[in-house]
Each structure stands twice: as C-alpha cells, then as structure tokens.
2 protein chains.
Amino acid sequence: MAQSDTVDRILDAAEELFAERGFSETSLRMITSKARVNLAAVNYHFGSKNALIHAVFARFLTPFSATLENAFDELEARCDGNPPTLNQTLWALTESAVRMPQRNEKGISIFMRLLGLAYTQSQGHLRKFLELEYGEPFSRFMRLLKEATPQLSAVDRYWRIQFMLGATAFTMSSSDALQDILRNKLGVETTVQEIAARLVPFLAAGMQAPDALLVPPTSSKIPVA
Amino acid sequence: MAQSDTVDRILDAAEELFAERGFSETSLRMITSKARVNLAAVNYHFGSKNALIHAVFARFLTPFSATLENAFDELEARCDGNPPTLNQTLWALTESAVRMPQRNEKGISIFMRLLGLAYTQSQGHLRKFLELEYGEPFSRFMRLLKEATPQLSAVDRYWRIQFMLGATAFTMSSSDALQDILRNKLGVETTVQEIAARLVPFLAAGMQAPDALLVPPTSSKIPVA
DNA sequence: ATGTGCGTCAAACGTATGTTTCAAACAGAC
DNA sequence: GTCTGTTTGAAACATACGTTTGACGCACAT
C-alpha cells in the first residue's frame, strides 16, 4: 500500500458521518471505527478534531472552487462585456456542482449537506476557515448575482440570496430522504440532476419576484390573484 | 413565589441557550447556571435532557399550533367554498408566527431558530416528538398548498414545497447570524417581521414559476470545462 | 546487520457530560 | 408544634469524549 491510505479512510468515514449526524454528534471513535483505523490516527495525521473537519471541507471544496472559477471565467468570456444573466449564473454553479467528480453516488448530497451544516451549525472555527480559504469564489458569485439583478436593492438581494442558499442546501442535503418519500408516495424516480433542474427555475423566479410588499395582503384588501 | 418558578426559569434559560448554540452544544450545567437553579432540578422536574428539549418546544408550539388552526379556520371561512390562494395561505402562516405573544423581544427569532434547528439537526427523538404532537396542522398546511396550486403536477409541487421549507428553515435557523452580517456590512437593522415579509413573496414567486425546464438554457451546447 | 523515521497500536489521561443519591429545607394540614 | 409530601442542595456516579503517551513494527538507507 502506497503512502498509507489511512488518511483517506479517515476522511471518507468522517465526511459521511459528519454529513449524517453533524460535527459535535460525531465522535472520533465513531470515525476511526468506521474507517477501521486506530483512534490515535486522527490526532497523529490531522492534529485535532477541528483540523479534521477543516480537512474534510478542503478535500472537496478546493477542487470545486477551481471548477467553479473556470465555469465563471468561461461564462464571462462567452458574454464578453455584458453581465451574465441570472439563469446563466445559477446554471454555471449547478453544473459545476453536479459535474464534480464524485467518490460515490452519495457524493453530491454529502457535499451539499456539509455545506448546509457549515452554515447552520455555528462552529466559529469552521466559519472562519471557510471565509479565509474560499471567500473569493463566493464573492465572485455574489458579484455575478448582483450584476444579474440590478433591479434589487442591496438588502432585498442579500435576503433573497440567503433564501436561495437555504432552499438549495436543505433540499440537496436531505435529497436521499426526500427521494425515498417521493418514490414511496408517487412511485417516481428522481436524479439529483432533475432536482437541480427543478430548483433553478424556482430560485430564479424567487429572485425576480416583484418587490417585497411590507404589508400582508390579508382580509379585505388585495385579494391576490 | 407561587408554584416554584424553577421550571420556568429553566425553560427560559434552555430556550435561549438552545437557540444560540444548538442542543448537543448546550450542557445542563450551562442551563442551570444561567437559570440560577441547582443542576439536579432539570432531572427532577423534567426527567431528562431530551424531555427538557421536548418541553421547550411544547411551550411555544402548543399555543402556536392553536393560533394556526384558528387562522386557517378563519381563512377558509372567509373564502367560503373556494380554496384560499397561495399568498393567503402563506400569510396566514407567517402572521400566526409573528403575532404569537412573545416573552421578550428575542422571542420570535428564538422561536424561528428553534424550528430551524428541529429540522436541521437530525435528533431522532425530536423529529418523532414533533410529528406525533404537531403533525396535524402541518398536514392541513400541505393540503391548503395543494389546493392553492392546482396547476402544478404532484411531483413539481412536492419539490417546490421542499424548496420553500428549506429556504424558510435555513434562513430562520441562522437569522441572528445573518442579521449580524447585514448590520456590519450595510449598517441595516432588520426585524424578523421584515424577513418574513421578504420571504413570502420570494416563496410565492418560486411556487408559481413556469414549469421546470429540464435542460439548462446555456448558449451553445453546455460546454463547461 | 544496524540504525533511523514513520506509522500503528493499546492504554491511559484529564475533563466534561447526563444522571443519581440522600440529606436538608421548606411548605401546608392537622 | 408536629407530621407529611414536595422541592432544593452539594456531592458523587458512571460514562463518553478529545487528546497524549510510549512501546512496537516495519521499510529502507547506510
């Protein structure tokens, strides 16, 4: 065995367990026993549990971030000068995610779920790590979104982007369970690609919704079509 | 002091700590010391940490669920016969949430954050507890959504509902953090009511988006590196 | 053969957790 | 006042955690 695959075994196991159970709820002992390596191996190879978490993110975020930069480069080149549309920007992102080389068929949903957890679980160190290491492609995505939705105020845009992130992270992270339910209920099979194909129009429509009414259209007034 | 306020002190402290740190990351010792009660009081009054979590949810979910049922009753009465529109249904839900009697100014955001956590953190016991106790208003909401979007196929509707849930749960579960970012970046203060007022149009637009295109609308042939 | 460096292993460490114990304090009824 | 059931208090319990230790095995250069 070449340069000991212990490191990868740990990363594989950790990635999967973190995705299903969260960070604090996953102990090093669960990880090492799933990976069938010694407990001390984690601290030997990574230094600490937090460092392991960072390594798990780095392993999939680094190639993804490169792929994404390429997709954005190409998109901007194709539009030369004009800002890409909202649809184009969203599709560039989705395609980059979907086309990522996956280690297994659960790859994309683990990927999404981890991103969601990173946002949700307020682990300070993770947040700082991600901002530091991968802030740039994120900023670029934000800039593209901004140029694609000039009609929105900065505040409206900010919140709508959060809504998009939420819909995406949530759906993708529980896509396994959701696909099961759908299969049992309606007897339909679905691929992640199809989910993405449904998600993008939903998001685009939401982003381009008319300005937020700050008053509910309840009772008498504004019956709404 | 009437029937010992220990119980309420514990619930107040637990609610706040759970909302800011999550369940596993909050220890009974943090709770009891914040509430200035003895450590053993939690197990004496509630039986276990899990039971305390259930009690925290029950305290705000029971009145909320009642309020919601009333709101739906009233909405259906007002529409007599015709199914309520999507906007009306969504607003009935949001208003019920926003108008809940709050214990303090942080009430509503704690409430939202806890709901988000319940969805996000896959604590098995919580899920089961919530389904068992509050499954009915949820089913009713789903039925109203179905009647409000007859143009959607069952599959489309299913996924779009997941997208809505995701956007809501995600935003609500990190709303404090998101408000902080917004404050530091743009110097804007936001209330949960305003977030809700922005969320509803976003969701409504997404739900009513044109049928999903199953092919990305990129210019040429989906080049992508 | 010998020594060196890296990786593995079982075992232990210190700390923090949820829970239990049991005596003391307290309330209200008689 | 005395008794009775309920609530508090300090302390201990058993367990699980992340981390550290030091002995051991093994490849490989000398």
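Every chain is numbered from 1, with letters handed out A, B, ... down the list of sequences.
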Next item on the list: Pick base, sugar-phosphate or nothing for B/Thr26, based on heavy-atom distances below 4.0 Å to the nucleic acid.
Entry: sugar-phosphate
Next item on the list: Tell me whether the OP1 or OP2 atom of D/dT7 has a side-chain N or O from B/Thr6 closer than 4.0 Å.
Entry: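 Result: no.
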Check: Closer than 4.0 Å, any side-chain N/O of B/Ser27 to the OP1 or OP2 of C/dT17?
Finding: yes
Notebook entry, point to check: Under the ring pair (Phe, Tyr, Trp, His ring centres under 6.0 Å) test, which residues partner B/Phe72, sequence neighbours left out?
Noted result: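 With sequence neighbours excluded, B/Phe72 shows a ring pair (Phe, Tyr, Trp, His ring centres under 6.0 Å) to no residue whatsoever.
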Next item on the list: For B/Tyr158, enumerate each residue passing the ring pair (Phe, Tyr, Trp, His ring centres under 6.0 Å) test, keeping only those at least two apart in sequence or located in another chain.
Entry: none
For [X] and [N], what is the distance between atoms [atom1] and [atom2] respectively, to the nearest whole Å?
X       : N      : atom1 : atom2 : value
B/Phe46 : C/dG18 : CZ    : P     : 15 Å
A/Ile31 : D/dA16 : CD1   : P     : 17 Å
A/His45 : C/dC6  : NE2   : P     : 12 Å
A/Glu25 : C/dT17 : CD    : P     : 14 Å
A/Phe23 : D/dG18 : CZ    : P     : 14 Å

Notebook entry, point to check: Of all residues at least two apart in sequence or in a different chain, which pass the salt bridge (charged side-chain N to carboxylate O under 4.0 Å, His left out) check with B/Arg183?
Noted result: B/Asp180, B/Glu189
Notebook entry, point to check: Who are the side chain to side chain contact (heavy atoms under 4.5 Å, CB included) partners of A/Val98, not counting sequence neighbours?
Noted result: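 If we apply the side chain to side chain contact (heavy atoms under 4.5 Å, CB included) test to A/Val98, skipping adjacent residues, the hits are A/Gln193.
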Notebook entry, point to check: Which pairs with one or both residues in residues 38-55 of chain A pass salt bridge (charged side-chain N to carboxylate O under 4.0 Å, His left out), sequence neighbours excluded?
Noted result: none
Margin query: For B/Phe170 and A/Phe163: C-alpha separation, side-chain torsions, deciding distance, then whether ring-ring contact (aromatic ring centres under 6.0 Å, His included) applies.
Written below: CA-CA 8 Å; B/Phe170 177 89; A/Phe163 302 155; 9.7 Å; no
Next item on the list: If a protein heavy atom is under 4.0 Å from the base, mark B; if only from the sugar-phosphate, S; if neither, -; do that for nucleotides 19-25 of chain C going 5' to 3'.
Entry: BBB----
